Amino acid sequence: MSDQTTIIDFEKMDGLVPGIVQDAATGQVLMLGFLNEASYAKSLESGFVTFWSRTRQKLWMKGETSGNRLRIVSTATDCDNDTLLFRVVVEGDGLVCHEGTVTCFTRPLALAANSVSAQEAARG
C-alpha cells in the first residue's frame with residue numbers, strides 16, 4: 001500500500017505528476033495520465049484512480065461513465081517522488097482505452113536501430 005507520509009513532488013511539472021496504471025495481475029501497462037494534488041487525494045480517498053483532465057481542466061475518474069473503473073490495489077512512487085504507479089484491477093469489461101482496447105499502448109513504433117538492422121538484413 002502507499003506510504004501517505006511520502007511527499008509527492010507536484011512542483012516539477014507545474015502541479016502535475018504522471019500516473020502510470022498497471023494491471024495488478026499481469027503487470028501490463030494499461031495507460032498513463034496526469035494527477036494534481038486534488039486528484040491524487042481523491043484517488044487515495046475513493047480507492048479508484050482519478051486523474052486531472054488537462055483538456056477539460058477538471059477531475060476525471062477513469063471509467064466513471066463506461067464502468068471500467070480502475071480499482072487501486074497498491075500505489076508507489078519513483079525514487080524522485082515525481083511519478084506515481086498504480087497497480088489496479090479493472091472493473092467492468094476490462095477495456096481501459098477509449099478506443100476499446102485493454103491498454104492504450106497499441107501502436108508500435110519502429111526504433112532506428114531496428115530499422116537499420118532490418119535494412120541491413122534485407123540487403124543480405
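Keep in mind the model is a prediction, meaning the values are calculated, not measured. For the numbers below, each heavy atom of this structure counts, side chains included, while hydrogens, waters and symmetry mates do not.
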Problem set entry | Other cluster members, Phe48 - Ile/Leu/Val/Met/Phe/Trp/Tyr, side-chain contacts below 4.5 Å | Met61
Exercise. With hydrophobic residues grouped by side-chain heavy-atom distances under 4.5 Å, do Leu95 and Trp60 end up in a single group?
Worked result: yes
Can you list, pair by pair, the side-chain donor-acceptor contacts under 3.5 Å of residues 30-38, counting residues two or more places apart and other chains?
unit_1, atom_1, unit_2, atom_2, d
Asn36, OD1, Ala38, N, 3.1
Asn36, OD1, Ser39, N, 2.8
Asn36, OD1, Ser39, OG, 3.2

Exercise. Does any non-hydrogen side-chain atom of Phe105 lie less than 4.5 Å from one of Val96?
Worked result: no
Exercise. Do Met13 and Pro18 have side-chain heavy atoms sitting under 4.5 Å apart?
Worked result: yes
Problem set entry | side chain to side chain contact (heavy atoms under 4.5 Å, CB included) against Ala24, all qualifying residues, sequence neighbours excluded | Val73, Arg87
Problem set entry | Contact list for residues 97-108, test salt bridge (Lys or Arg N to Asp or Glu O under 4.0 Å), sequence neighbours left out | Glu99-Arg107
For this session: Mind checking side chain to side chain contact (heavy atoms under 4.5 Å, CB included) for Thr77 and listing every partner two or more places apart, or none if nothing turns up?
Result: Thr6, Ile8, Asn81, Leu84
Problem set entry | Contacts of type ring pair (Phe, Tyr, Trp, His ring centres under 6.0 Å), residue Phe86, not counting sequence neighbours | none
Problem set entry | Summary of side-chain hydrogen bond (donor to acceptor under 3.5 Å, both in side chains) pairs that have at least one residue in residues 9-20, sequence neighbours excluded | Lys12-Asp82
Exercise. Side-chain contact, heavy-atom cut-off 4.5 Å: Thr103 with Val29?
Worked result: no
For this session: Hey, could you give me the OG1/CG distance between Thr50 and Leu70, rounded to the nearest 0.5 Å?
Result: 9.0 Å
For this session: Could you list the residues that satisfy side-chain hydrogen bond (donor to acceptor under 3.5 Å, both in side chains) with Arg56, not counting sequence neighbours?
Result: none
Problem set entry | Pairwise side-chain contact, Ile72 with Ser43, heavy-atom cut-off 4.5 Å (strictly under) | yes
For this session: Identify, with sequence neighbours excluded, every residue that meets side-chain hydrogen bond (donor to acceptor under 3.5 Å, both in side chains) alongside Thr55.
Result: Ser53
Exercise. With side chains defined as the heavy atoms from C-beta onward, is the minimum distance between Val21 and Val88 less than 4.5 Å?
Worked result: yes
Problem set entry | Where at least one partner belongs to residues 62-74, residue pairs that pass salt bridge (Lys or Arg N to Asp or Glu O under 4.0 Å), sequence neighbours excluded | Arg69-Glu91, Arg71-Glu91
Problem set entry | Pairwise distance CG(Leu85) to OG(Ser74) - rounded to 0.5 angstrom | 7.0 Å
For this session: Please name all residues satisfying ring pair (Phe, Tyr, Trp, His ring centres under 6.0 Å) with Trp52, sequence neighbours left out, ordered by chain then number.
Result: none
Exercise. Which residues pass the side-chain hydrogen bond (donor to acceptor under 3.5 Å, both in side chains) test with Thr101, sequence neighbours left out?
Worked result: none
